[in-house]
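Letters A, B, ... mirror the listed sequences (proteins, then strands); counts begin at 1. These values consider heavy atoms only, across backbone and side chains, with no hydrogens, waters or symmetry-generated copies.
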Number of protein chains: 2
Amino acid sequence: MAQTEGAEKSGTRAEMREETERLILDAAEGIFAEAGFGGATMQAIADSCGLPKANLHYYFSSKEKLYRRVVERIFTIWLEAADSFDTEARPEVALRRYISRKMQLSREHRHGSKVWANEVMHGAPIVQDYLESALQVWTDTRIAVIRRWINEGLIRPVEPRWFLYMIWATTQHYADFAHQIETLNHGALDDAQWHEATETVCGILLRGIGIDPHSTGDRPA
Amino acid sequence: MAQTEGAEKSGTRAEMREETERLILDAAEGIFAEAGFGGATMQAIADSCGLPKANLHYYFSSKEKLYRRVVERIFTIWLEAADSFDTEARPEVALRRYISRKMQLSREHRHGSKVWANEVMHGAPIVQDYLESALQVWTDTRIAVIRRWINEGLIRPVEPRWFLYMIWATTQHYADFAHQIETLNHGALDDAQWHEATETVCGILLRGIGIDPHSTGDRPA
DNA sequence: AGACACCTTGACTGGTTGGTCAGGTCTGCT
DNA sequence: AGCAGACCTGACCAACCAGTCAAGGTGTCT
């Protein structure tokens with residue numbers, strides 16, 4: 001009976017295992033985001049997904065293993081979003097799409113962004129290898145693209161590194177500091193505010209590097 | 001003997017107490033920044049400043065009280081820096097000074113920024129009242145100033161709220177994500193890089209709202 | 001039906017942590 | 001000198017937490 005937890009119907013063994021793991025990972029992401037690794041307890045995660053604590057240890061042998069899986073999942077989502085930074089498109093198109101996507105992620109994956117921020121803030125004890133491999137590679141290729149745009153005179157000459165950090169910082173801020181933003185806003189941002197914030201961020205960043213933010217790709221150059 | 005801890009010479013009772021409290025607060029700031037509230041231990045803080053753990057409890061009755069004092073101190077520094085946002089000066093001067101000051105704080109008070117970020121990310125359980133009072137007031141006055149600049153045609157019309165968040169996000173990113181930045185940079189940023197990053201951030205943000213970032217106040221308008 | 005592997009869970013444990021306390025030390029005052 | 005009050009600290013404790021385990025349940029094969 002307890003095997004068909006919650007709403008999902010029974011499927012194959014593998015499907016059910018995956019389903020339960022996802023249930024735990026979702027709960028863990030929320031708890032780790034709200035309390036940090038040290039502040040989170042396995043009991044709290046167990047309560048959050050309505051499973052006994054011992055059950056968690058059946059699926060994830062240790063707290064650290066569970067945490068690592070949470071962070072890995074977040075990094076995967078982040079990398080997929082990163083693909084929206086199209087290296088072939090014109091800068092105003094590629095950047096606008098990438099920034100919009102990152103804003104969307106901040107809205108839909110607030111917890112994930114917080115866990116990542118926490119991890120990096122504490123010196124990336126778990127994901128140092130990601131920083132040095134995948135992130136390094138991704139960053140280097142994008143820096144090369146931005147350099148090319150500069151050489152072709154498409155954007156103003158800015159150090160690509162600092163510009164990329166500005167994009168990350170401004171977009172992730174809406175997830176990591178959501179509580180502060182919502183306090184100052186007297187409530188959660190509505191659809192219109194999210195749209196306006198995204199437009200403002202896009203507008204300032206694009207204009208900041210010398211692009212007219214309204215000359216999107218759908219008009220002939 | 002142990003009373004004149006470390007390097008400082010003995011002064012009055014009050015001076016020595018203040019000195020010891022500062023020693024503990026400095027250590028606590030570092031530990032809280034690196035491990036979060038839940039991950040930090042009183043023993044680690046004690047070791048970090050070379051005092052026995054029981055001594056910490058003599059000066060700060062509980063871990064939470066100590067943490068609160070750390071956060072309060074950070075907020076004070078933040079507010080003092082906020083005064084560099086001169087509401088009288090012209091936008092390019094006021095903004096450039098404020099952004100530069102915030103970048104400087106990110107470099108000199110990395111730990112403090114991290115503790116603040118941690119606190120807000122976890123829902124500001126300790127400093128919610130600051131957000132609702134002091135920060136709210138400060139933000140409202142600055143938004144009014146930016147609105148005035150817009151009405152006077154000094155800067156492009158942007159929602160001041162989102163613009164302010166961009167400033168906070170980009171500058172604090174250099175403290176909160178220092179580890180990520182330094183990993184990608186293969187080492188800490190040197191003086192030249194900090195200068196260049198500050199210039200890039202200022203340049204993009206000012207240009208983004210329609211200001212020529214090089215028309216500083218020291219030339220006649 | 002029976003056997004087997006997989007899943008679930010309440011109860012338990014060893015280690016860690018925040019906090020206490022009694023007894024000692026030092027300083028400034030009279 | 002002698003005293004009072006501030007300061008220091010090793011040893012201790014109760015609470016909590018990650019992780020274990022053994023016993024029982026459930027689905028799926030032959």
Discussion item. What is the separation between atom NZ on A:K65 and atom C1' on D:dG19, rounded to the nearest whole Å?
Written reply: 12 Å
Item to complete: Could you check A:Y59 against B:E64 and say which one's nearest nucleotide on DNA chain C is further toward the 5' end?
Response: A:Y59
Practice prompt. Using whole Å, report how far CG of A:N55 lies from C1' of D:dT26.
Written response: 14 Å
Fill in: Any B:Y58 side-chain nitrogen or oxygen under 4.0 Å from OP1 or OP2 of D:dC7
yes
Worksheet item: Once you round it to whole Å, what is the distance between C1' of C:dG19 and OH of B:Y67?
Response: 20 Å
Worksheet item: For C:dC7, does either OP1 or OP2 sit under 4.0 Å from a side-chain N or O belonging to A:R17?
Response: yes
Discussion item. Ignoring hydrogens and geometry beyond distance, is the side chain of B:K53 in donor-acceptor contact with the base of C:dG18 at under 3.5 Å?
Written reply: yes
Worksheet item: Within 45° of the six-membered ring axis of A:F37 and under 6.0 Å from that ring's centre, is NZ or CZ of A:K63 located there?
Response: yes
Discussion item. Does A:A40 reach a base, just sugar-phosphate, or nothing at all? Heavy atoms under 4.0 Å.
Written reply: sugar-phosphate
Discussion item. Checking B:F75 against B:V127 for the side chain to side chain contact (heavy atoms under 4.5 Å, CB included) test, could you report, in this order, the C-alpha distance in whole Å, the side-chain angles of both residues, the deciding distance, and whether it holds?
Written reply: CA-CA 9 Å; B:F75 191 71; B:V127 296; over 6 Å; no
Fill in: Verdict with supporting geometry, A:W78 and A:W138, ring pair (Phe, Tyr, Trp, His ring centres under 6.0 Å)
CA-CA 11 Å; A:W78 190 91; A:W138 187 91; 5.5 Å; yes
Practice prompt. Please state how far atom CD in B:E15 lies from atom C1' in C:dT27, giving the value in whole angstrom units.
Written response: 15 Å
Fill in: B:M16 CE to D:dC7 P, straight-line distance once rounded to whole Å
9 Å
Practice prompt. Kindly indicate, with the supporting measurements, whether the criterion side chain to side chain contact (heavy atoms under 4.5 Å, CB included) is fulfilled by B:Y165 and A:T200.
Written response: CA-CA 11 Å; B:Y165 297 162; A:T200 304; over 6 Å; no
Worksheet item: Tell me: CD of A:E19 to P of C:dC6, nearest whole Å?
Response: 20 Å
Discussion item. Output the rounded distance in Å from NZ (B:K63) to P (D:dA15).
Written reply: 18 Å
Item to complete: Rounded off to whole Å, could you give me the CD-to-C1' distance for the A:Q43 and C:dT13 pair?
Response: 16 Å
Worksheet entry | B:S113 side-chain N/O to B:R110 backbone N/O, donor-acceptor pair under 3.5 Å | no
Worksheet item: Considering heavy-atom distances to DNA chain C, does A:A54 or B:H57 have its closest nucleotide positioned more toward the 5' end?
Response: A:A54
